[in-house]
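One structure below.
Every chain is numbered from 1 and lettered A, B, ... according to where its sequence line falls, protein lines coming before strand lines.
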4 protein chains.
Amino acid sequence: MTRGRRRSESSRRAILDAARVLLLEHGYERLTIDAIAAQAGVGKQTIYRWWGSKGAVVADAALAGGLVPPLIPLPDTGDIETDLRAWLRAWTEHLASGVGRSLILALTAATAEDRAVADVLYERFTGPHEQLLRDRLDSACAAGQLGSEVPVPTIAGVLIGSLLYRVLSMQAPPTADDADMVVRLVLAGAA
Amino acid sequence: MTRGRRRSESSRRAILDAARVLLLEHGYERLTIDAIAAQAGVGKQTIYRWWGSKGAVVADAALAGGLVPPLIPLPDTGDIETDLRAWLRAWTEHLASGVGRSLILALTAATAEDRAVADVLYERFTGPHEQLLRDRLDSACAAGQLGSEVPVPTIAGVLIGSLLYRVLSMQAPPTADDADMVVRLVLAGAA
Amino acid sequence: MTRGRRRSESSRRAILDAARVLLLEHGYERLTIDAIAAQAGVGKQTIYRWWGSKGAVVADAALAGGLVPPLIPLPDTGDIETDLRAWLRAWTEHLASGVGRSLILALTAATAEDRAVADVLYERFTGPHEQLLRDRLDSACAAGQLGSEVPVPTIAGVLIGSLLYRVLSMQAPPTADDADMVVRLVLAGAA
Amino acid sequence: MTRGRRRSESSRRAILDAARVLLLEHGYERLTIDAIAAQAGVGKQTIYRWWGSKGAVVADAALAGGLVPPLIPLPDTGDIETDLRAWLRAWTEHLASGVGRSLILALTAATAEDRAVADVLYERFTGPHEQLLRDRLDSACAAGQLGSEVPVPTIAGVLIGSLLYRVLSMQAPPTADDADMVVRLVLAGAA
DNA sequence: TAGTAAACGAGACGGTACGTCCAGTCTTGAT
DNA sequence: ATCAAGACTGGACGTACCGTCTCGTTTACTA
């Protein structure tokens, strides 16, 4: 028996859409709640009622607002090296685009600034990707493609970390060759 | 033949010290120029005269203000695995402390928010650490400990990236065991 | 032949009571519809359905909500001076209390800010008091206690105005002596 | 030895001018600090730095901003009735204009809402006018035109109060005839 | 040993965005 | 049809900082 008006789904969408557009247009640090509210045609209070901070809105825009691509798939062809290579190459491609880069920079800024946001993002964004990797690596172990004592979490962390570092160091976006080399390096000793 | 009063060294120190203290206390996003000036007992104009932006002050405070530890040394005992392990363990220890973690989070936020700061920090902070790794890896190649076609830049990036990801994912600070496993993984196929 | 639910008398009373309590507690400018609704245990819409503005609620609370004391009686002993003195003294007593003062200040603020409220309040609050005075003065004329050409409306206005000025000037609440002096002054030349 | 930039006289004038213009244009309750700041081309903080409330700005605009006419003079022709009549007529004329009415309503609202503002206004606006009256009445006593035991403060209060009541009751602005009648009434018994 | 020019502390300035409060409206399920 | 509940848009609030701009003071080189 819930009384009173229900949360407006259209406002929710408008806010997340506005956050997405403005984030890609101006970057995280120049994103303001005022601008999101204006762009979305919404009262500021409606934003604060449901999110409470800029980082939280951005995190939700990334997760539910269509900003993050659907989980980049990690195929299971039976050959772990091929599959990881495909996954990592897809990521490098995404990060080479302005959109992908802006997104990761924004999420990183939000993570580094706000512990609560960091937790949400790990739970719903980074974590699932990491889990995807781990699952595929586990299945490769089970299939005998990797030694059974291979440190699966470490491998997953290393693969993600190398991507992250390339984006944050800002020198040059990672390339397909980089991706291949990382995969080869990581799998070389894990046979 | 400079006329007029010289730049005050004591003000410069006071500003960098204040920035360091406030950065570790409150984090990058809550750091303000007003607070730095007040804490340093300095006029705001003196900050803007020499630095021009919050990010620039933070970068300088990190680099020249005693915030960043002296380059963590990478010994050359002749055994590359031992040396990398020592280096990575020293880093994990530093990151396990509140100060080290806060520092990396602050610098990461600054990097993700401001391209100019990112460049300064890469050039004078991240870059030198990366170079240190590359040099040691090169010497290991020359000494025949690693294959001559080993992708040195990739290895360096992977080592740093794995540290970064552990800090940013916020799940748990990296441990000595993690460090050892990363080193073993990365060197396993590079013999 | 009214269809549907009837207006709730208990809500009406609760709203007027809440307005009265909050008005005296915090003054007119800090009175909010939200607070009235909460205090009355009533939806805001119920207030807007029947009153339409804050001023209207206040006016009604003053008039029908038990905020304004029942018309201070103006006796007719046959001696106009005695009667006016009694009336004016009763008013000064009322205004010397915190409640009376707060009330007049609140109604004055409402009057000065909102023309519509001013009209309602004059018609149903100030006006009747003024009329009471005029009627008594007229009867005194008829009884030969005052000259027949005495400016009755002016006398009434002067009596009320002197009270009002004392309250608004905020220097000190009017006293019984003041009241007596005003009456003597006003009647002195009206014999 | 005052250090730092001095208060900007031009901003002060601009704020008071803006307050005056907007007050007369829209009335007290619709006057906003935001609008004053925008109209004056000034930061809001500059207003809050020096005034702290809407009422205080309005009070100052009235007193120092050219809103209130210079003290309406009370001549001393030797005939107290003539002089009071002139003074009161000048006031009724001023109050019959939209500007005068708006002003008094605004100052009354400010007085009724904020005790601190009320005190400032009494001290610097109402008080001086009252004092003017008292001084003239005292000199009339000294000259033998009024009885020596005449209640001067009461007369002054009654004169001002009658004006105030006419404005606030909002029925009709006071006329010259009203003014004459009040003077005659008040002086009738004070010979 | 003046004179002068730059840097200094202080702090007010025009602005932008903040996060909160309230007005007045709209929507919901219950009475 | 009205009610209590409560989310909605809109707009002003008063605060915090931004980066700039005076001030009068201090410092150190130059004439």
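Every residue two or more places apart in sequence or in another chain that forms a side chain to side chain donor-acceptor pair (under 3.5 Å) with Ser8(C) is listed here: Ser10(C), Ser11(C). Residues passing the salt bridge (charged side-chain N to carboxylate O under 4.0 Å, His left out) test with Arg13(A), sequence neighbours excluded: Asp17(A). Remark: Tyr122(A) engages no residue in a ring-ring contact (aromatic ring centres under 6.0 Å, His included) (not counting sequence neighbours).
For dT22(F), its base never sits under 3.5 Å from the side chain of Arg6(D) at any donor and acceptor pair. In terms of polar N and O atoms assigned as donor or acceptor, the side chain of Arg5(C) comes within less than 3.5 Å of the base of dT2(F) in a complementary pairing.
Rounded to whole Å, atom P of dA6(E) lies 22 Å from atom CZ of Arg12(B). Note: CD1 (Ile15(B)) to C1' (dA7(E)) measures 12 Å, nearest angstrom.
Side-chain N/O atoms of Ser8(A) include none lying less than 4.0 angstrom from OP1 or OP2 on dT27(E). Of the side-chain N and O atoms in Thr2(A), none sit less than 4.0 angstrom from OP1 or OP2 of dG29(E).
Taking the side chain of Arg3(B) as heavy atoms from C-beta on, and the options dG3(E), dT2(F), dC13(E), the nearest nucleotide is dG3(E).
Among residue pairs with one or both ends in residues 106-120 of chain A, those qualifying as salt bridge (charged side-chain N to carboxylate O under 4.0 Å, His left out) are Arg115(A)-Asp119(A); sequence neighbours excluded. Pairs passing the side-chain hydrogen bond (donor to acceptor under 3.5 Å, both in side chains) check and including a residue from residues 47-62 of chain B, sequence neighbours excluded, read Trp51(B)-Asp60(B).
The CG atom of Leu31(D) sits 4.0 Å away from atom CD1 of Ile36(D), with the distance rounded to the nearest 0.5 Å.
Near DNA chain F, defined here as any heavy-atom distance below 4.0 Å, the residues from residues 25-56 of chain A are Gly41(A), Val42(A), Gly43(A), Thr46(A), Arg49(A), Trp50(A), listed numerically.
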